[in-house]
Amino acid sequence: MNPDPHKSSNAKAKTDPFDKVETKTLRDPVRHDLSLARVERATEDQLEKNRARSFDAKTFMRLFAWTRPYAFKRNVLFVCVIARSIQIPLLAWAIAAIINGPVTEGNVRGIFIATAIFAFFATLTQLTMHFRQRLALELGEAVVKDMRDAVFQHLLTLPMAYFNRTKLGSILSRLTSDMEALRMGAQNVIFVSLVQIGQMIISGALMAWYNWKLFGVIVALSPLFYGINRYFGKRIGESSRLLQESFSRVTATVAESVKGIQVTQGFARESRNAELFRDLIRDHSGYNMGLARNIALYIPLLELNAQFFIAIIVVVGGYGALQPDWGMSVADLVVFFFLANLFFSPISALGRQFTNALSAVAGAERIFRLLDLKPDWQDAPDAKEAPPFKGHVAFENVSFSYDGKTRVLHNVSFVAPSGTTTALVGHTGSGKSTVINLLGKYYRPADGRILFDNEDVAGYTSASLRAQTAVVLQHNFLFSGNILENIRLGRLDATDAEVIACVEELGCRDLLEALPDGFATKVGERGTGLSLGQRQVICFARALLARPRILVLDEATASIDTVTEARLQAALEKLLKGRTAFVIAHRLSTIRRADQVLVLDEGRIIERGTHTELLSLDGTYADLYRQFSSETS
């Protein structure tokens, strides 16, 4: 990346705090170089498809379909909407009737009676408005709640491959900014628009009843509104999509920067990253400005046309009132103007709702794209619950590719008898972690079979299979909560006493009880506040509590100091006893105890045997062993 075009200094930031924001138009290319890393975006075909339309009614109706579980509340809301759209024109008509009737006739008693009736009707109108707004807000919140739940549930079903290729910030934006756009669409767009449209229809009908000639003038000029809506609809719709994609890039960059803050500070990248982010939000502001300018032109043009129409009505209506053959009195002209104001006043409101609808559709497209995303693979329809395993594991000519093109495993075959420990050894990228991922059914082999107790794991549900396996990684994830809660993840129904007993069995109870609040000590995000050794003790205890039949240790002791590891060895022997274990390790003590050692290189098993047998071969394993030995010494 060439930093020169974006180069800035702290001095410049101080002397020029209001950097010029470049307004983004639909023809401006989207910049990929502003994020700290590339962010996944829609394909060019999808973007071109989006540009071809301004408003996708099908997507909007799919969004509205989420109101079905709340049909009663939605239908009551429709009643309020219809009532409200009728009440507003009738109030204006009533005012005109009072003026043309009791006021013109000088009937004081009639004025008081008419005013009392009007006040009652106006109160009823406001009561209708209260329930319309309340029900709309409740319905919008219910829809957003259900959609957030559906998106999260769907995310939990997606395989690891999706999360490996998708930025965290992109996922978060679906649950935040896109959801908020949907909220506006669900609770406002249809219901507010129906009120405004109903108001226009009732007002228009009354105007046509009073004088159809004058109303015909309005109808003749209506294509102007259609032209404005069509022109700005496309521009605002695409601007909304570009803005939300830009926000996704901002969110992804923030998430990435927070997760990598130690690396950023470690390499003194604060200033450079700040420059990149400043450029990124300036770019995002450009999209905001582009959308704002389109809206700032669209709404005033609608209002200007409404005023233009009223001016025409003044001229034509005034002329008609002076012509006997028109059959229109001055009083009727006054009533017509009351109704004309009600007819044109919703236009700007409908314009704002139209922009909200475009934003909602843009957000809905992104969310539905995620909900419609099919996992790379799923459990077979006839997959069954796995029975209790004895622990016999076999790979039969297993090959695998992460991207569907480049094979990272090639015809891997081995047998791990029940209760044995298999050590996986090899250089970085040799395929060790891939074997572990396939064991946990996080991925599906491209070719070959994986057998548990001589049965293909493809016939078992993933959840039931993983319930009998436990994984301890080099860098395990600890959730926010206390130590007891983190260990209890291994078995949610375990009592406090059972949790503590597992730590006691590991011989490390004192390490956790020495903490300020012992087992009740709060754990920060990703285990902050604990040493690496303490984090691993928690993860070992979590695995032990699950009492798995198959245990996977992926360099689980690489981050633990020698003294702590020595304390864990006896407990690990108890943990491994009677269980089938697969170990990726660089510690010689773990490898020596393995019943078999598999040496991998470029996705192939090139050597296999016990520690002693492989040393006698004086091949790749012997070289690795000598390397491990020299590093240890």
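Numbering of residues begins at 1 and proceeds along the displayed sequence.
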Distance-only polar pair, side chains of Tyr70 and Asp146, donor-acceptor under 3.5 Å: yes

Query raised in the report: Counting N and O atoms only, with roles assigned by atom type, does the side chain of Lys441 sit under 3.5 Å from a partner on the main chain of Val457, one being a donor and the other an acceptor?
Result: yes

Note: Ala380 and Ala458 closest approach over all heavy atoms is CB-O, 4.2 Å

Those residues at least two apart in sequence (or on a different chain) that pass side chain to side chain donor-acceptor pair (under 3.5 Å) with Ser401 are Asp403

Rounded to the nearest 0.5 Å, the CZ atom of Phe343 sits from the CD1 atom of Ile201 at a distance of 9.5 Å

Q | Criterion side-chain contact (heavy atoms from CB on, under 4.5 Å) on Val189 and Phe64, from CA distance to verdict | A | CA-CA 10 Å; Val189 171; Phe64 192 71; over 6 Å; no

For Asp372, the salt bridge (charged side-chain N to carboxylate O under 4.0 Å, His left out) test, sequence neighbours excluded, returns Arg62

So side chain to side chain donor-acceptor pair (under 3.5 Å) across residues 193-206, not counting sequence neighbours, yields Gln199-Ser345

Across all chains, not counting sequence neighbours, the side chain to side chain donor-acceptor pair (under 3.5 Å) partners of Asp149 are none

Heavy-atom closest pair (Glu485 atom, Asn482 atom, distance to 0.1 Å) is N-OD1, 2.7 Å

- Take Phe72 and Val76, measure what side-chain contact (heavy atoms from CB on, under 4.5 Å) needs, and give me the verdict at the end. CA-CA 6 Å; Phe72 177 76; Val76 172; 3.8 Å; yes

Heavy atoms of Ala364 and Thr59 approach each other most closely as CB-CG2, 3.8 Å

Between the CD1 atom in Ile88 and the CE atom in Met200, the distance rounded to the nearest 0.5 Å is 13.0 Å

Tyr402 meets the ring-ring contact (aromatic ring centres under 6.0 Å, His included) criterion, sequence neighbours left out, with Phe400, Tyr443

Any donor and acceptor pair, going by atom type alone, linking the side chain of Arg542 with main-chain N or O of Asn486 inside 3.5 Å? yes

Do Trp66 and Leu182 come within less than 4.5 Å of each other through their side chains, counting heavy atoms only?
no

OG1 (Thr434) and CZ (Arg407) are apart, to the nearest 0.5 Å, by 12.5 Å

Between Leu438 and Pro445, is any pair of side-chain heavy atoms under 4.5 Å apart?
yes

**Message:** Determine whether Arg535 and Val523 satisfy the following criterion, side-chain contact (heavy atoms from CB on, under 4.5 Å), listing intermediate values before the conclusion.
**Reply:** CA-CA 10 Å; Arg535 295 178 205 173; Val523 177; over 6 Å; no

Residues passing the side-chain contact (heavy atoms from CB on, under 4.5 Å) test with Ala386, sequence neighbours excluded, are Phe389, Tyr460, Ser464, Gln468

Side-chain heavy-atom pair Arg366, Ser173 within 4.5 angstrom cut-off:
yes

Sorted by chain and number, sequence neighbours left out, side-chain contact (heavy atoms from CB on, under 4.5 Å) with Leu158 holds for His154, Leu155, Tyr162, Phe163, Leu370, Leu373, Pro375

side-chain contact (heavy atoms from CB on, under 4.5 Å) filter on Ala186, not counting sequence neighbours, yields Val143

request  = Start with the C-alpha distance between Lys384 and Thr461, add both sets of side-chain angles, then the distance that settles side-chain contact (heavy atoms from CB on, under 4.5 Å), and finish with yes or no.
outcome  = CA-CA 6 Å; Lys384 57 187 178 182; Thr461 63; 6.0 Å; no

Interatomic distance, CD1@Ile197 vs OG@Ser85, rounded to 0.5 Å, equals 10.0 Å

Notebook entry, point to check: Under 4.5 Å between any side-chain heavy atoms of Val151 and Met179, yes or no?
Noted result: yes

In short, salt bridge (Lys or Arg N to Asp or Glu O under 4.0 Å) pairs touching residues 65-88 with sequence neighbours left out are Lys73-Glu138

dist Ile86:CD1 -> Leu91:CG (nearest 0.5 Å) comes out at 12.0 Å

For Asp382, the salt bridge (charged side-chain N to carboxylate O under 4.0 Å, His left out) test, sequence neighbours excluded, returns none

So CG of Leu194 and CG of Leu77: to nearest 0.5 Å the spacing works out to 9.0 Å

For Leu135 and Cys80 the tightest heavy-atom approach is CD1-SG, 4.4 Å

Here the side chain to side chain donor-acceptor pair (under 3.5 Å) pairs for residues 123-133, sequence neighbours left out, are Gln87-Thr128

Sorted by chain and residue number, the salt bridge (charged side-chain N to carboxylate O under 4.0 Å, His left out) partners of Glu180 (sequence neighbours excluded) come out as Arg148, Arg183

On a heavy-atom basis, the closest approach of Phe121 and Leu90 is CE2-CB, 4.0 Å

Measure the shortest side-chain to side-chain distance between Phe191 and Gln353 over non-hydrogen atoms and say whether it is less than 4.5 angstrom.
no

